[in-house]
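Source: prediction; values computed, not measured.
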Amino acid sequence: MKEQKCRYNKENVIAMLEQEEKIYNQKWVEAFNKQDKEKMRMFGDMKNAIQLLLIKFEEEFI
């Protein structure tokens, strides 16, 4: 079986995750301003999950 070349390098993956983190952080701020606790929890959880992915990725590949 031929080995498939990865089209993403570590810098691109880190940049994508950081961008997603910024997006969810902004959505959390918007939910906070509206005092929408359900969305705050959801977007906060997503932001935290992305931060954990960043940490894990950096541990594995850097």
Separation between NZ (Lys39) and NZ (Lys34), nearest 0.5 Å, reads 6.0 Å
Please check if the side chain of Asn48 supplies one atom and the backbone of Gly44 the other of a donor-acceptor pair under 3.5 Å.
-> yes
The reported gap from NZ in Lys56 to CG in Leu52 (rounded to nearest 0.5 angstrom) is 10.5 Å
CD1 of Ile23 to CD of Glu18, rounded to nearest 0.5 Å, is 12.5 Å
The reported gap from OH in Tyr24 to CD in Gln19 (rounded to nearest 0.5 angstrom) is 12.0 Å
- With a 4.5 Å limit on heavy-atom distance, are the side chains of Gln26 and Glu30 in contact? yes
How about Glu38: does its CD atom have over 12 heavy atoms from other parts shown lying under 6.0 Å from it? no
Heavy atoms of Trp28 and Met40 approach each other most closely as CD1-O, 2.9 Å
With Ile50 as partner, the option from Met16, Lys22, Glu21 fulfilling side-chain contact (heavy atoms from CB on, under 4.5 Å) is Glu21
Output for pair (Leu53 CG, Ile14 CD1), nearest 0.5 Å, gives 12.0 Å
Taken to the nearest 0.5 Å, the spacing of Met42 CE from Lys27 NZ works out to 8.0 Å
